[in-house]
Amino acid sequence: LVCSEMCIRDRLTGLRRGEILGLEWNDFDFDKCNVRIKRTSNYTPIEGIYTDVTKTEKSQRFIKIPKELSKLLKLYQNSQQFDFRNRKGKGLEIVKTDRLFTQANGKPMHPNTPYKWLERMCKKNGLPFYGVHTFRHLNASLQINAGIDAVTVSATLGHSTPTTTLNIYSHCLLYTSPSPRDLSTS
């Protein structure tokens, strides 16, 4: 459930893996259906799992989330709280955290966990595996193909400039921009 929830969120929001893993419940305004991105969760062999600032200053942002995702997140929050209470009731040590995505004991989830989960799920179901970051690219491509302007897409993705977005996703514009012939017949 945790990793499938993460894939759904990534598909709908275009967040980076570290941004998703850095999300805390207090980052969400469920009534306004938005989330504040302000931290990442990362890993190095020396430091282990640690919290850091976002990739760039522009990566700190608010994004809107669909009402359906907001409802799904509330269900996930209730499920997570139930699981923690249940484990604690069995005498297991639980680390108090506000993180959305954690290990069973409440500690922050390792950044490779979503990748390994998705890889196993794809293999089990005979699907090609392209990595977790592909969901971010899918989100950006869908926004562009829906006619959302590059400035808005850039802000949603947390890119430092719209130029970054255009450099990465210009191929999507080939399919959404009218041709000169289309303009002359309008």
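These numbers come from the heavy atoms of this one structure, side chains and all, not from hydrogens, waters or symmetry mates.
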Locate the shortest heavy-atom distance separating [X] from [Y]; write the atom from each residue and the value.
X	Y	answer
I37	T54	CG2-CG2, 4.2 Å
F101	L21	CB-CD2, 3.9 Å
A140	Y169	CB-CZ, 3.4 Å
I49	P108	CD1-O, 3.4 Å
F84	Q103	CE2-O, 4.3 Å
S59	G158	OG-O, 2.9 Å

In terms of side-chain geometry, is the basic nitrogen of [X] or [Y] positioned less than 4.0 Å from the acidic oxygen of its partner?
X	Y	answer
E19	R61	yes
R36	D29	no
K88	E93	no

**OP:** Check whether V95 and W25 end up in the same hydrophobic cluster, where Ile, Leu, Val, Met, Phe, Trp and Tyr are linked by side-chain heavy atoms less than 4.5 Å apart.
**Re:**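 Looking at the clustering, W25 is in a separate group from V95.
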With rounding to the nearest 0.5 Å, note down the distance linking [atom1] in [X] to [atom2] in [Y].
X	Y	atom1	atom2	value
L73	F28	CG	CZ	5.0 Å
Y43	H110	OH	NE2	4.5 Å
N26	D98	CG	CG	4.5 Å
D83	L92	CG	CG	11.5 Å
N42	E47	CG	CD	9.0 Å
R99	D27	CZ	CG	9.0 Å

**OP:** Using a cut-off of 6.0 Å, state whether more than 12 heavy atoms not belonging to K38 lie near its atom NZ.
**Re:**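 Yes - once you tally the heavy atoms of other residues, nucleotides and ligands closer than 6.0 Å, there are more than 12.
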Subject >> Within 6.0 angstrom of Y50 OH, more than 12 heavy atoms from elsewhere >> reply: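 Yes - once you tally the heavy atoms of other residues, nucleotides and ligands closer than 6.0 Å, there are more than 12.
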Original post:
Do side-chain atoms of T97 reach the backbone of K107 as a donor and acceptor pair under 3.5 angstrom?
Top reply: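 The answer is no, because no donor-acceptor pair under 3.5 Å joins these two groups.
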Original post:
If only atom types and distance count, is the side chain of T102 paired as donor or acceptor with the main-chain N or O of M109 below 3.5 Å?
Top reply: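 Checked: no pair found.
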Subject >> F129 six-ring centre to K123 NZ/CZ under 6.0 Å and within 45° of normal >> reply: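 No cation-pi geometry.
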Original post:
H137 and Y130: side-chain hydrogen bond (donor to acceptor under 3.5 Å, both in side chains), yes or no, with the steps?
Top reply: CA-CA 11 Å; H137 291 298; Y130 300 107; over 6 Å; no
**OP:** Go through the steps to decide whether D149 and T152 satisfy the test side-chain hydrogen bond (donor to acceptor under 3.5 Å, both in side chains), and finish with yes or no.
**Re:** CA-CA 6 Å; D149 64 278; T152 303; 2.8 Å; yes
